[in-house]
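Note that ligands are numbered from 1 as they come in the structure, with each ligand's atoms numbered from 1 the same way.
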Amino acid sequence: MRHMNIAIDGPAGAGKSTIAKRLAKELGYIYVDTGAMYRAMAYYFLTHDIAPEDEAAIAAACPSISVTIRYEDGEQQVVLNGENVNGVIRTEEVGNMASATSVYSVVREKLTDLQRRLAAEADVIMDGRDIGTCVLPDAQVKIYLTASIKARAKRRYDELAAKGAACDFDEVERDIADRDDRDMHREVSPLRQAKDAVPVDSSDMGIDEVVEAIRHIIARSGGQGEKA
Ligand code: DC
């Protein structure tokens, strides 16, 4: 029997991972965070002094990079060449590098294969930028989760402030706008809403409300998806 695949795409800071994690737990599905995989590759480039604009060096490095995932207490762990990098990939520096280097198809192809294999093997909720449009075009449920840039910047700012990181609201907002621009306008698999994705705007919604809204969408879909 075909496994159930739920795709959640959307821009940075829309709340995809928080919501996807909660729903995966409720439904007993596996949560696959594809952004973490791009971050692991970015971490490799950063620690090997490879510049994001140096496509030749990135292509040359790709065969020596292995990214895999495993689960510990239900939490996805990303393993880069045998090392668990979960603790070092959540920074803004790595996030921006991931956005800059995910524009290359040599990087995307490596991770897309892994993502498709995971979705073929288990019921998954997978979040990212191109899941409904490219990685899993046959996913039974597709959600496009978004929020205004102000709301997303505020969430990111609060998150950073809670961690005690010094940050400036305008800078956080600019950073998100740059990331949106790059992720939405790159040539390969840009972020966009799949034709059959259901849009959810979480600007004025709390986490519980968003989870509830998406739960309804999943129930309504009855597991029957359409093509992008
Ligand atoms: O979701 P995130 O912030 O962890 O993702 C980091 C970057 O990785 C994002 O800005 C673009 C890239 N990415 C991508 O191109 N495709 C995905 N499916 C997931 C992330």
Colleague: Does ligand 1 have an atom that lies less than 4.0 angstrom from a heavy atom of R108?
Modeller: yes
Colleague: Which atoms of ligand 1 are found less than 4.0 Å from any heavy atom of S102?
Modeller: 11 (C), 12 (C), 15 (O)
Colleague: Could you go through the salt bridge (Lys or Arg N to Asp or Glu O under 4.0 Å) check for R156 and E173 one step at a time?
Modeller: CA-CA 9 Å; R156 192 49 62 97; E173 186 177 337; over 6 Å; no
Colleague: Is there a path of hydrophobic side-chain contacts, each under 4.5 Å between heavy atoms of I/L/V/M/F/W/Y residues, joining V32 to I89?
Modeller: yes
Colleague: Look at atom 6 (C) of ligand 1 and say which protein heavy atom is nearest, naming residue and atom and giving the distance to 0.1 Å.
Modeller: R179 NH1, 3.7 Å
Colleague: When you measure from the side chain of N5 to the backbone of Q140, do you find a donor-acceptor pair of N or O atoms at a distance under 3.5 Å?
Modeller: no
Colleague: Distance to 0.1 Å, residue and atom name: give those for the protein heavy atom nearest to atom 8 (O) of ligand 1.
Modeller: Y38 CB, 3.5 Å
Colleague: How far is atom 19 (C) of ligand 1 from the closest protein heavy atom, and which atom is that?
Modeller: T34 OG1, 3.4 Å
Colleague: Side chain, backbone, both or neither: which part of R39 comes within less than 4.0 Å of ligand 1 when only heavy atoms are counted?
Modeller: side chain
Colleague: For ligand 1, indicate whether the residue R182 contacts it via side chain, backbone, both or neither (heavy-atom separation under 4.0 Å).
Modeller: neither
Colleague: Please state which part of R186 comes within less than 4.0 Å of ligand 1, counting heavy atoms only: side chain, backbone, both or neither.
Modeller: side chain
Colleague: Of all the non-hydrogen atoms in the protein, which one sits nearest to atom 10 (O) of ligand 1, and at what distance?
Modeller: D183 OD2, 2.8 Å
Colleague: Which heavy atom of the protein is the closest neighbour of atom 7 (C) of ligand 1, given with residue, atom name and distance?
Modeller: A98 CB, 3.7 Å
